[in-house]
Amino acid sequence: MSEKLWDGRFAEDTDKVVEKFTSSIAIDRRLYRHDIEGSMAHCRMLARAGILSADEADTLVAGLETIRQEIEEGRFVYDDRLEDIHMHIEDRLSRLVGPAARKLHTARSRNDQVALDARLFLREETGIVIAMLKRLRQVLVDLAHDQLGHVMPGYTHLQRAQPVLLSHHLLAYYEMFTRDSARFADARVRMDVNPLGCAALAGTTFPIDREFTAAQLGLQGVAANSMDAVADRDFMLEFLAAASICMVHFSRLAEELILWSSAEFGFIELPDAFATGSSIMPQKKNPDVPELVRGKTGRVFGDLMALLTTMKSLPLTYNRDMQEDKATLFSTVDTLKSVVEVVARMLPHIRFNTARMHRESDRGFLNATDLADYLVGQGLPFREAHAVVGRAVAHALSQGKELQALRLEELQTFSELIDESVFEALRLEHVVDRRSSMGGTATDSVRGAIQKAREDLQREQVPGDGGGAS
Ligand code: ARG
């Protein structure tokens with residue numbers, strides 16, 4: 001009969017298929033560093049509370065350090081029979097240091113242990129994601145700065161609407177990723193809490209000091225209710241939800257890059273190093289990187305749905321269902337990081353066909369609103385101006401001309417309020433630069449937005465310095 005850490009009350013060996021089915025070591029081995037860190041803090045706390053002797057604690061901490069090295073040097077042996085990373089480490093510790101290892105699990109359970117490990121892991125990863133997003137945001141702002149002055153068509157309903165600055169369009173994504181960062185930072189605050197010492201569900205009979213454990217791990221708070229602490233996976237759901245929203249933004253950016261790189265738009269050319277060819281059509285250059293960014297969004301949404309569904313209706317407190325949490329979490333962490341990295345790398349190498357963007361902004365009546373605004377300036381109520389311009393556009397369409405290409409006399413047939421100054425009002429650069437309301441696309445407003453973004457980025461602190469403890 002194999003010796004399991006919990007097999008005292010069992011008379012039969014675990015079925016082989018069940019061992020494989022219930023094992024999570026292939027996935028949760030990734031938590032080894034956080035598990036060891038948590039166990040070391042627990043040991044020191046037990047010694048301080050007089051539950052372990054100082055010698056015993058030193059022996060355990062040294063043993064845990066050895067295990068960390070064994071794992072990092074690839075010398076550690078994994079075995080499905082030991083279920084998960086917590087059992088693996090405890091089992092190895094007892095082989096390394098003998099009887100003292102049997103005391104490590106005093107005043108704790110795997111339920112609070114796994115909750116702690118996952119929090120430490122995710123706190124670190126969230127810091128890394130925020131740091132990576134910050135780099136991406138810097139790239140966007142630099143790009144907006146370099147491209148300042150170039151006009152492109154702005155769209156609603158994917159129909160040409162009004163001209164905007166390319167920089168303004170890029171800064172829209174800067175804003176989205178800034179909110180994403182704030183969401184991750186906010187979720188990180190709630191992650192940064194110590195569940196250890198809640199034990200299985202009810203707390204423990206030992207005189208432990210959970211605040212001391214928290215302080216050693218740099219955790220900002222201590223979970224207040226032992227049942228909540230072992231049953232809660234909100235901190236993961238929040239991360240997955242923030243990641244899903246972030247992926248919505250990435251998929252919209254990706255979609256635009258895909259559209260813009262098509263012959264139909266012809267607004268950008270993707271760098272060769274970020275595109276691939278076709279195995280049959282020699283002329284093709286496919287936007288695989290943005291397509292995969294768009295595609296991987298599905299996986300992240302799926303991870304969120306999977307964990308929401310797993311957690312839904314679970315009775316308090318811990319249920320083994322919850323072991324499924326880590327596969328979804330790791331999948332999203334990895335996917336999101338790969339997406340942020342590749343997009344930040346690709347953006348600076350995109351070639352913008354600004355001449356074409358400019359040309360296309362001057363076609364398709366993108367200045368029609370400006371003619372209406374001009375008439376309002378001449379004293380006409382907006383609704384009437386709207387109708388006048390509608391008739392002028394219909395006329396121009398029938399002539400195959402743009403508004404600015406109509407003769408003054410032709411324009412005046414729609415309203416006698418129109419004079420020579422109308423052509424300046426219809427000029428592309430003028431159309432853009434008149435939109436100087438706060439948050440608008442005028443060159444000066446966008447220049448100000450770039451400046452503000454740079455100052456904000458400069459000031460911004462990445463929580464936990466993009467890794468490690470806070
Ligand atoms: N591997 C388990 C998990 O990830 C650890 C907690 C196990 N607790 C238990 N009572 N079986 O959820």
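First listed ligand is number 1; within each ligand, the first listed atom is number 1.
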Problem - Donor-acceptor contact below 3.5 Å, side chain Ser261 vs main chain Glu269 - result: no
Exercise for the section: Check whether the side chains of Glu256 and His169 place a donor and an acceptor atom closer than 3.5 Å, and report yes or no. Expected result: yes
Exercise for the section: Not counting sequence neighbours, which residues clear side chain to side chain contact (heavy atoms under 4.5 Å, CB included) with Asp234? List them please. Expected result: Asp232
Problem - Sequence neighbours excluded - ring-ring contact (aromatic ring centres under 6.0 Å, His included) pairs with any residue from residues 120-155 - result: His34-Phe121, Phe121-Phe330, Tyr155-Phe265
Exercise for the section: Would you please name every residue forming a salt bridge (charged side-chain N to carboxylate O under 4.0 Å, His left out) with Glu72, sequence neighbours left out? Expected result: none
Exercise for the section: Give a yes or no on whether the ring-centroid distance for Phe352 and Phe267 is below 6.0 angstrom. Expected result: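 No, too far apart.
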Please tabulate protein-ligand N/O pairs under 3.5 Å for ligand 1, atom names and distances to 0.1 Å.
{"residue": "ligand 1", "atom": "1 (N)", "partner": "Asp84", "partner atom": "OD2", "Å": "2.8"}
{"residue": "ligand 1", "atom": "1 (N)", "partner": "Gln323", "partner atom": "OE1", "Å": "2.9"}
{"residue": "ligand 1", "atom": "4 (O)", "partner": "Lys326", "partner atom": "NZ", "Å": "2.6"}
{"residue": "ligand 1", "atom": "8 (N)", "partner": "Asn111", "partner atom": "OD1", "Å": "2.9"}
{"residue": "ligand 1", "atom": "10 (N)", "partner": "Asn111", "partner atom": "OD1", "Å": "3.1"}
{"residue": "ligand 1", "atom": "12 (O)", "partner": "Tyr318", "partner atom": "OH", "Å": "2.3"}

